[in-house]
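All remarks here apply to the structure that follows.
Predicted model, so just to flag it, every value in this text is computed and none were measured. Values below: every heavy atom of this structure, side chains too, minus hydrogens, waters and symmetry copies.
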Amino acid sequence: MEANPRGIPKAPFVGNVDEYMKSDTVEATLRKFTEAASKYRFMENSKLQQRASLEQKVPEIKKSLELVRYLYGKRGSEEPVETLFEVNDTLYAHATIPPTDTVNLWLGANVMLEYTLDEAMGLLSSKLDIAKTNLGEAIEDLEFLRDQITTMEVNTARVYNWDVKRRRAEKKETES
């Protein structure tokens, strides 16, 4: 079975319903297609959450990287840096940062580590590249999943309509 680069299976398109329906009942086929569409929707919701998370992380990483680059540019200077830092979404505090060659980076899970400015720029740059790549892949996966959901919905409609047409033909034959 075909799949995208991250292993999401491609939905089969039923081109010839008559041929396809020789192997299974209408109810079982409709159930199978509905179940597959539900699985694709579940994957889509997961990817939407992943995309939202990454869209939030990328600007934060960029902001941190810009700050480390600024401090790197001020390296060797004896004058302190006056700044505002974010305490909360809407709360900032004034700070005076003495000349420094290190920064503390919040890694998450209640972990903060001290890095040299060079190490911090390298780490943040690699994290930014990874986040951008993951965001691109999540967007690509969402487009792929939407196509698969549409394919499964079309398959479901085609099988349902085939069944209605078949039943009408049978009813006409019994009436004749």
Side-chain angles (χ1 to χ4, degrees), residues 1-68 86-92 105-113 121-176:
M1 179 176 256
E2 289 183 54
N4 81 344
R6 273 137 328 266
I8 300 171
K10 184 174 181 181
F13 177 73
V14 178
N16 185 345
V17 180
D18 289 322
E19 194 65 34
Y20 189 84
M21 292 309 297
K22 288 179 181 176
S23 64
D24 215 346
T25 66
V26 173
E27 293 78 19
T29 301
L30 289 174
R31 192 176 325 108
K32 184 170 66 172
F33 287 171
T34 304
E35 183 180 311
S38 294
K39 287 178 183 177
Y40 284 124
R41 282 190 195 93
F42 177 79
M43 286 187 263
E44 181 185 36
N45 285 334
S46 174
K47 287 292 178 181
L48 284 168
Q49 290 173 353
Q50 181 183 9
R51 184 184 75 184
S53 172
L54 289 167
E55 285 174 341
Q56 184 180 7
K57 281 182 186 177
V58 168
E60 289 175 5
I61 295 170
K62 281 182 180 177
K63 190 166 60 170
S64 297
L65 185 57
E66 286 174 21
L67 178 62
V68 171
E86 187 176 355
V87 177
N88 196 327
D89 287 340
T90 58
L91 181 62
Y92 290 83
L105 295 180
W106 183 260
L107 300 179
N110 294 327
V111 176
M112 182 179 278
L113 290 177
M121 281 196 301
L123 177 69
L124 290 170
S125 293
S126 70
K127 286 205 173 285
L128 181 60
D129 290 342
I130 291 168
K132 284 181 177 179
T133 301
N134 289 345
L135 179 58
E137 289 175 354
I139 290 169
E140 186 180 301
D141 287 349
L142 281 166
E143 291 171 4
F144 181 79
L145 285 165
R146 284 188 195 106
D147 288 345
Q148 304 322 299
I149 291 168
T150 301
T151 300
M152 293 313 298
E153 288 173 347
V154 167
N155 286 343
T156 302
R158 289 179 58 125
V159 169
Y160 181 80
N161 290 340
W162 175 86
D163 186 45
V164 168
K165 186 177 168 184
R166 181 184 59 86
R167 286 182 189 189
R168 283 184 185 160
E170 286 176 0
K171 186 176 179 183
K172 240 183 195 177
E173 278 183 25
T174 57
E175 289 176 357
S176 300

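No more than 12 heavy-atom neighbours from other residues, nucleotides or ligands sit within 6.0 angstrom of CD on E2. The environment of K32 atom NZ is dense: over 12 non-hydrogen atoms of other residues, nucleotides or ligands sit within 6.0 angstrom.
Across all non-hydrogen atoms, the minimal contact from M21 to T29 is CE-OG1, 3.6 Å. Of all heavy-atom pairs spanning A131 and L54, the tightest one is O-CD2, 4.1 Å. Smallest separation of non-hydrogen atoms from A11 and Q148: N-OE1, 2.6 Å. Across A37 and I149, no two heavy atoms sit closer than the pair O-CG1, 4.4 Å. Considering every non-hydrogen atom in both M152 and A36, the closest pair reads CE-CB, 3.7 Å.
For the atom pair CG (L65) and CE (M121), the distance works out to 8.0 Å, reported to the nearest 0.5 Å. For the atom pair CD1 of I139 and CG of L48, the computed distance is 10.5 Å after rounding to the nearest 0.5 Å. Between atom CG of residue L124 and atom CD of residue E60 there is a gap of 11.5 Å, rounded to the nearest 0.5 Å. Atom CD of Q50 and atom CE of M43 lie 13.5 Å apart (nearest 0.5 Å).
Residue pairs satisfying the ring-ring contact (aromatic ring centres under 6.0 Å, His included) criterion with at least one member in residues 14-64, sequence neighbours excluded, are listed as follows: Y20-F33. The ring-ring contact (aromatic ring centres under 6.0 Å, His included) analysis of residues 141-176, with sequence neighbours excluded, yields no pairs.
A search for salt bridge (Lys or Arg N to Asp or Glu O under 4.0 Å) contacts involving E137 returns nothing, not counting sequence neighbours. Residues satisfying the salt bridge (Lys or Arg N to Asp or Glu O under 4.0 Å) criterion with K127, sequence neighbours excluded, are absent altogether. Scanning for side chain to side chain contact (heavy atoms under 4.5 Å, CB included) contacts around K165 gives an empty result, with sequence neighbours left out. Every residue meeting the side chain to side chain contact (heavy atoms under 4.5 Å, CB included) condition with E19, not counting sequence neighbours, appears here in chain and number order: N16, K22. Judged as a side-chain hydrogen bond (donor to acceptor under 3.5 Å, both in side chains), and not counting sequence neighbours, Q56 has no contacts. Residues passing the side-chain hydrogen bond (donor to acceptor under 3.5 Å, both in side chains) test with D147, sequence neighbours excluded: none. Applying the side chain to side chain contact (heavy atoms under 4.5 Å, CB included) test to Q49 and every residue at least two apart in sequence or in another chain returns nothing. Every residue meeting the side chain to side chain contact (heavy atoms under 4.5 Å, CB included) condition with T25, not counting sequence neighbours, appears here in chain and number order: E27, A28. In terms of the side-chain hydrogen bond (donor to acceptor under 3.5 Å, both in side chains) criterion, residue partners of R41 (sequence neighbours excluded) are, by chain and number, E153. When the side-chain hydrogen bond (donor to acceptor under 3.5 Å, both in side chains) test is applied to E140, the partners found at least two apart in sequence or on another chain are R6.
The side-chain heavy atoms of E86 and K63, taken from C-beta on, include a pair separated by under 4.5 Å. The shortest distance between side-chain heavy atoms of T156 and L30 falls below 4.5 Å. Inter-residue side-chain proximity for L142 and E44 is flagged as met; some heavy-atom pair is nearer than 4.5 Å. V68 places none of its side-chain heavy atoms less than 4.5 Å from the side chain of L123.
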* Asked: Between R51 and L135, does a side-chain contact (heavy atoms from CB on, under 4.5 Å) hold up when you go through it step by step?
  -> CA-CA 6 Å; R51 184 184 75 184; L135 179 58; 3.6 Å; yes
* Given salt bridge (Lys or Arg N to Asp or Glu O under 4.0 Å), test K39 with E35 step by step and report yes or no. => CA-CA 6 Å; K39 287 178 183 177; E35 183 180 311; 3.4 Å; yes
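Among the candidates R166, K172, R167, the single residue satisfying the salt bridge (Lys or Arg N to Asp or Glu O under 4.0 Å) test with E170 is R166.
Between K62 and E66, no side-chain nitrogen of the basic residue sits less than 4.0 Å from a carboxylate oxygen of the acidic one, so the salt-bridge criterion is not met.
A donor-acceptor pair is defined here as one N or O able to donate and one able to accept, closer than 3.5 Å; such a pair exists between the side chain of N155 and the backbone of P12.
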